[in-house]
Amino acid sequence: MKYWIRKTIMALGGNQLARSITSRIPRILMFHRFRSAHEVDPQAMSIADLRRQLDYVRRHFVPVTIAQLLGERESSADYPRKAVAITIDDGHESFLNVALPVFREFDVPATVFIVSDLVEREQWIWADKFNFVVERAREKRGDQQDVLNTQAVFEQLCRLPLDERDLGLAEFARTCGVEIPAHAPPKYRLMNWEQLRHLVALGTIDIGSHSCTHPIMSQLTQSQSEYEIAHSKAMIEQRLACPVTSFCYPNGQAGDYEDYQLRQLEQAGYACGIASHFGYVTQHAKRYALPRINYVGNDLNLFAKYVDGIEYLQRKPQYDLA
Ligand SMILES: [Zn+2]
């Protein structure tokens, strides 16, 4: 079946045909950090890749914010055609300093998810601290080994209650002989309220909540979860004087949030929830756990395959059974 679909699409004109067949199915793209031309940081998206991808989106799709995508719509039949919403998780300063001029150049709107208590306290995200420790430890040793172990430690830390997770991270840093600075180094720095107000004033960048402290939501008690969901919304709305209608689950893979939290989002007044598992916004997508297309690296053909919907058509039987 897959083979047959792929053969037919390619025979009939490939990407363009896929775009037109799937034009009523919105896509949500996920980006994190960005790097300028002279920076070396494999985890950050280069400015050249960003430019190529935004150019592609601008030429073939209708870029919208999450709020514009969902609006007051009750059913997926009402989605705007060819809609692509770009989301940026965590709210690092590199969005403002590196990426924003490119978003403006191509007139592409975006939704940025920020971590309210960390912005308030000028703190940084624990997962970034973890990456920082790993990077420093590797610099010291000058090798690239231990990738699997590092991933295992990260997964373990993710599954701990908050206070134990922080202790675990401190222990991990000690073991690696790395000191975690109180303030983030530039590439991990988050935008402050003043910078975020500047973004809001542009009118093309929406701000959503990425919780108060960036916990793995499934590790929280119900009342902690309610706090992360409701308090972050209230604080961002108060500090930035703008409505916050979308919530993005930290990490956001299956198992990182619970079913009851979808209801908590709705009760707190959010219009939608954004997850990180792969997928398209089909009629089967849950409004409070919408799937996304992750950053695919510097391969524009691969990007086109995902964003044009070829991947959707290949996986379609799976979606229909969802
Ligand atoms: Zn995040």
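Because only heavy atoms are used, hydrogens play no part in the values below, and waters and symmetry mates are left out as well, while side chains stay in. Atoms within each ligand, like the ligands themselves, are counted from 1 in listed order. Quick caveat: nothing in here was measured; it's all calculated off a predicted structure.
Between Tyr270 and Tyr288, the distance separating the two ring centers is not shorter than 6.0 angstrom. Between Phe95 and Phe31, the distance from one ring center to the other does not fall under 6.0 angstrom. Checked against the 6.0 Å centroid criterion, the rings of Phe154 and Trp126 qualify as a close aromatic pair.
A salt bridge links Asp49 with Arg52; the closest basic N to acidic carboxylate O contact falls under 4.0 Å.
The backbone N or O of Arg35 sits nowhere less than 3.5 Å from a side-chain atom of Ser94 that would complete a donor-acceptor pair.
In this structure, Ile236 is a member of the same hydrophobic cluster as Ile88, with clusters built from ILVMFWY side-chain heavy atoms closer than 4.5 Å.
Nearby protein atoms of type N, O or S around the Zn ion (ligand 1) amount to 3 (distance under 2.8 Å).
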